[in-house]
Amino acid sequence: MQNKRVLVVGLGKSGIAAARFLLERGAVVTACDAKDFSEQIPGVKIQTGAAQWDGLEQQELIVISPGVPVQTPELERARGLGIPVIGEVELASRYLLGKALAITGSNGKTTTTTLVGKILADAGLTTQVGGNIGTPVMELVATSTPETWNVLEISSFQLETAVEFHPQIAVILNITPDHLDRHGSFEQYVREKEKIFARQDANDFLVLNADDKNTQMAAGKTKSQVFWFSGARPQVKRGAFVHQNVIVFVPQEGAAMEPVLPLVEIPLKGAHNVENVLAAVCAARLAGVSAESIRESVKSFEAVEHRLQFVAAVRGVDYYNDSKATNVDATMKAVASFAGGIHLILGGKDKDSDYTLLADLLRERVKVVYTIGSAAEKIGRELAGVTKIVEAETLANAVRSAAEAAQPGEIVLLAPACASFDQFENYGHRGRVFMECVKGLEVQ
Ligand code: ADP
């Protein structure tokens with residue numbers, strides 16, 4: 001990197017980390033963003049707005065943040081001039097010491113990454129967790145050692161520019177339509193996800209979901225050793241599955257089943273979380289953690305905030321916060337996690353979603369829907385006649401009305417199937433407001 005002219009595109013958390021990292025290695029760093037950036041990074045030239053792409057032709061390497069589309073015309077032009085364009089994860093992975101255990105998928109990444117990180121750390125392995133989950137991979141480089149397990153949550157955006165990224169264990173949880181606005185087509189989105197194993201060889205492991213046909217196809221395209229997890233099949237060739245209500249692991253074809261933990265010990269709600277635990281069990285066994293140790297770690301795992309997180313029981317009613325359920329599929333998974341008696345809070349900013357998909361489950365399990373936010377009218381229209389609908393407008397009203405209506409033994413669930421940006425800063429803010437409203441009920 002010494003004296004190399006490098007342009008960092010995007011001045012978010014990972015862009016800033018990349019700029020600092022490159023500077024420390026002697027590069028001549030320019031960092032740019034379409035938006036204004038008021039801070040200074042000593043030693044880094046900052047270009048924003050109209051000046052963003054100034055001097056592009058002189059750069060020798062371009063490092064982009066996950067939020068920056070690779071198809072940006074200026075980046076296309078740079079590639080045309082022979083300037084390599086890579087992402088922050090790709091750059092970091094070239095310097096990261098130790099092993100990488102990388103997890104991707106459309107849903108469940110954060111939950112599974114957090115769980116695998118806990119299992120490995122509990123087992124005494126030197127572990128650090130990062131990627132899409134919060135700490136940029138770039139920031140893990142300095143603390144990595146040859147013994148470190150780097151457990152990484154990797155999004156499809158971060159895979160777009162992967163070239164040499166080479167995890168020893170890769171996991172694909174599921175692939176369902178998402179972010180098609182960015183990737184152009186579902187086929188392209190699948191291709192991006194498959195880059196997670198592009199560099200793997202016969203010494204590496206790839207963990208795939210046997211119940212998801214889009215991830216199954218990856219098995220025919222990899223050189224690595226494929227292991228499976230399944231929440232639905234009676235058995236997989238090698239990997240993790242459920243046998244007589246116990247999660248078991250088969251280390252090789254034909255080998256005996258190793259019991260890992262009974263389903264009743266999983267402290268998370270929902271069949272989707274069983275899938276996440278199965279994937280984590282498989283990955284952790286491949287990393288060398290014993291079944292006994294995995295069992296203890298899973299038993300003491302707590303739901304990640306805003307992911308079907310238990311908030312409180314107030315006068316016999318259980319409150320759950322699944323603010324991260326920002327699409328219809330995640331809401332269906334949340335509703336399916338409870339047998340019935342659900343008071344469901346739906347709404348927010350619509351993403352062109354089809355809410356009629358919820359009709360059957362709602363008819364079966366949901367007593368009342370409380371709508372909030374700008375999508376309320378559309379949701380009300382698409383679900384008319386399915387179940388009782390209360391137009392609550394705000395989250396505070398919704399919690400109050402649900403608390404009045406819910407009987408002991410019933411559930412109040414925030415799983416809104418929408419983005420939050422109409423009434424909140426983000427899903428985290430929405431979840432915190434929900435939890436505060438619930439805490440308010442407790443003191444009444
Ligand atoms: P990601 O990091 O991929 O967005 P999260 O663990 O943050 O995944 O969960 C996102 C949403 O999807 C939450 O509402 C959660 O309850 C739901 N979810 C979690 N795991 C799964 C899964 N395996 N399949 C479908 N939905 C899931």
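Remember, it's 1-based here, ligands and their atoms both numbered in the order they're listed.
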What atoms of ligand 1 come closer than 4.0 angstrom to any heavy atom of Thr111? 5 (P), 6 (O)
Identify the closest protein heavy atom to atom 5 (P) of ligand 1: which residue and atom is it, and at what distance? Arg307 NE, 3.6 Å
Part of Asp322 with heavy atoms under 4.0 Å of ligand 1, whether side chain, backbone, both or neither: side chain
Using a 4.0 Å cut-off to any heavy atom of Ala330, which atoms of ligand 1 qualify? 12 (O), 14 (O)
Protein heavy atom at shortest distance from atom 8 (O) of ligand 1: Gly108 N, 2.8 Å
Return the residue, atom name and 0.1 Å-rounded distance of the protein heavy atom closest to atom 26 (N) of ligand 1. Asn107 CB, 3.4 Å
Just checking, is any N or O donor in the side chain of Thr145 or Thr148 under 3.5 Å from an acceptor N or O on the other one? yes
Which protein non-hydrogen atom lies closest to atom 4 (O) of ligand 1, naming both residue and atom, and how far is it? Lys324 NZ, 2.7 Å
Quick one: do the Asn150 and Gln128 side chains pair a donor with an acceptor below 3.5 Å? yes
Quick one: are the ring centres of Phe249 and Phe241 less than 6.0 Å apart? no
Solution key, residues 266-281 side-chain donor-acceptor pairs under 3.5 Å, sequence neighbours excluded:
from   : atom 1 : to     : atom 2 : distance (Å)
Asn273 : OD1    : Asn276 : ND2    : 3.1
Asn273 : ND2    : Lys269 : O      : 2.8

For ligand 1, the portion of Asn174 having any non-hydrogen atom under 4.0 Å away: side chain
If we number the atoms of ligand 1 from 1 as shown, the ones under 4.0 Å from a heavy atom of Asn276 are 19 (C), 20 (N), 21 (C), 22 (C), 23 (N)
Close-contact set for ligand 1 against Glu153 heavy atoms, below 4.0 Å: 2 (O)
Would you mind telling me which of Arg432, Arg307, His306, Lys324 makes a side-chain hydrogen bond (donor to acceptor under 3.5 Å, both in side chains) with Tyr427? Arg307
Would you check if there is a donor-acceptor pair between the side chains of Asp422 and Ser374 at a distance under 3.5 Å? yes
Taking the side chain as every heavy atom from C-beta outward, state whether Ile154 and Ile103 have any atom pair closer than 4.5 Å. no
At under 4.0 Å between heavy atoms, what of Ser106 touches ligand 1? The answer is backbone
Identify, for atom 1 (P) of ligand 1, the protein heavy atom at the shortest distance, and state residue, atom and that distance. Lys109 N, 3.5 Å
Per-atom filter on ligand 1: closer than 4.0 angstrom to a heavy atom of Ala325 are 14 (O)
Of the side chain and backbone of His272, name the one, both, or neither that has a heavy atom under 4.0 Å from an atom of ligand 1. both
Pairs satisfying ring-ring contact (aromatic ring centres under 6.0 Å, His included), at least one member in residues 86-122, at least two apart: Phe21-Tyr95
